[in-house]
Amino acid sequence: KSMWPSLQHVNITGGEPFLRKDLVDIVRAYFDNADLGSILINSNGSLPKRVDEFTRALLAEYPDKKIFFVFSIDAFGEEHDKIRKIPELFRKVMESYNIVKSLGPRAVPTINLTVSEQNYQHVNKLYKTLRDDYGVQSFAPVIVRDEGVYKIPMDKKIGILVAYRELSSNILSDIASGKIHGFDTGTIRGRLVNAKS
């Protein structure tokens, strides 16, 4: 309540936010007590039923709010499941994406493509296939960084950077040509995210 009216947008991350059964109550608290126009949930997409129930409930209760989702995909099918160590995850994340996509303009799904040591050689093919064959219309490119004691070998770091630059260029070109959607350029948040790409 003390953040009213300065707080206008909140990102909820994790772990996996949809593991919390009270997630809808947390978002209600923000919508009821701050001047939020939108909220963003970062998710691995592993719980499509919860994604569906959460989104339908909040869209019905708050007709003037937007809910953004960022679902992460690293590879196709079993390779994605293996990287994330969750069986059937690729199928579930695509189900979650399509649920949100079907719920109208106030529910906005995006696929997060993290360019990493595991996928940098194939990430641009992954992007084009998700765009052309799976109907994904919004993407966010991310580049992995060294974590903890493990350091990525320099040759792979260079490969990751080259793949990330190509992915970012492809996304920006496709936004400009209308093949995919960028974020809303009428908002500060949208302009920042588009510039980051």
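Side chains included, hydrogens not; waters and symmetry mates left out as well; all remaining heavy atoms used.
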side-chain contact (heavy atoms from CB on, under 4.5 Å) between Tyr164 and Val144, worked out: CA-CA 10 Å; Tyr164 176 78; Val144 77; over 6 Å; no
Ile111 vs Tyr97 side-chain heavy atoms within contact, under 4.5 Å: yes
Lys65 side chain vs Leu36 backbone, donor-acceptor pair below 3.5 Å: yes
Within-4.5 Å side-chain heavy-atom neighbours: Ile73 and Phe90: yes
Heavy-atom donor-acceptor pair, Ser169 side chain to Arg165 backbone, under 3.5 Å: no
Member of Arg131, Gln137, Lys128, His181 meeting the side-chain hydrogen bond (donor to acceptor under 3.5 Å, both in side chains) criterion with Asp174: Arg131
Atom pair CG/CG of Asn112 and Asn44 - distance to nearest 0.5 Å: 11.5 Å
Donor-acceptor contact present, side-chain Lys101 to main-chain Gly135, <3.5 Å: yes
Side chain Thr129, main chain Lys125, donor-acceptor under 3.5 Å: yes
Heavy-atom pair of closest approach, residues Val123 and Ala163: CG1-CB, 4.1 Å
Side chain proximity check, Arg50 to Lys21, heavy atoms < 4.5 angstrom: yes
Heavy-atom pair with the smallest gap, counting every atom of Pro63 and Ala60: CD-O, 4.3 Å
Tyr30 atom OH, over 12 foreign heavy atoms within 6.0 Å: no
Lys156: which of Gln121, Glu117, Gln118 passes side-chain hydrogen bond (donor to acceptor under 3.5 Å, both in side chains): Glu117
Rounded distance (nearest 0.5 Å) linking atom CD of Glu95 with atom NZ of Lys49: 11.5 Å
Worked verdict on Ile67 versus Leu103 for side-chain contact (heavy atoms from CB on, under 4.5 Å): CA-CA 11 Å; Ile67 307 170; Leu103 293 176; over 6 Å; no
Transitive ILVMFWY side-chain link Ile83 to Leu167, under 4.5 Å: no
Side chain to side chain, Lys92 and Leu47, heavy atoms closer than 4.5 Å: no
Heavy-atom pair of closest approach, residues Val93 and Ser72: CG2-O, 3.9 Å
Side chain to side chain contact (heavy atoms under 4.5 Å, CB included) partner of Ile160, the single match among Thr114, Asn119, Ile152: Ile152
Hydrophobic cluster membership, Leu19 vs Leu89, 4.5 Å side-chain cutoff: no
Closest heavy-atom pair and its distance - Ala140, Thr110: N-CG2, 3.7 Å
Short side-chain to backbone donor-acceptor contact, Arg106 and Tyr62, under 3.5 Å: yes
Same apolar cluster: Ile12 and Phe69, side chain cutoff 4.5 Å: yes
Point-to-point distance, once rounded to the nearest 0.5 Å, from OG of Ser38 to CD of Gln8: 9.0 Å
Phe139 and Tyr127 aromatic ring geometry - parallel, tilted or perpendicular at 30°/60° bounds: perpendicular
Residues, nucleotides or ligands: over 12 heavy atoms within 6.0 Å of Glu78 CD: no
Check: Phe18 and Ile41 side chains under 4.5 Å, non-hydrogen atoms: yes
Side-chain donor or acceptor of Asn42 paired with backbone N/O of Asn11 under 3.5 Å: no
Point-to-point distance, once rounded to the nearest 0.5 Å, from OG of Ser46 to CD1 of Ile86: 5.0 Å
Distance (rounded to the nearest 0.5 Å) between Ser173 OG and Glu166 CD: 11.5 Å
Basic-acidic side-chain contact under 4.0 Å: Asp25, Arg28: yes
Note, Leu7 side chain near Val10 side chain (heavy atom, < 4.5 Å): yes
hydrophobic_cluster_shared for Ile158 and Ile143, side chain cutoff 4.5 Å: no
Ile99 side, atom CD1; Met94 side, atom CE - distance, nearest 0.5 Å: 11.5 Å
Val100 and Val108, any side-chain heavy atoms less than 4.5 Å apart: no
Derivation and outcome, side-chain contact (heavy atoms from CB on, under 4.5 Å), residues Val162 and Tyr120: CA-CA 9 Å; Val162 169; Tyr120 74 93; over 6 Å; no
Exercise: identify the closest heavy-atom pair between Ser138 and Pro109: CB-O, 3.6 Å
Val142 and Leu113: CA distance, side-chain angles, deciding distance, side-chain contact (heavy atoms from CB on, under 4.5 Å) verdict: CA-CA 6 Å; Val142 178; Leu113 294 174; over 6 Å; no
Test: Arg91 and Glu88 ion pair at under 4.0 Å: yes
Smallest separation among heavy atoms of Ile171 and Pro141, with atom names: CD1-CD, 3.8 Å
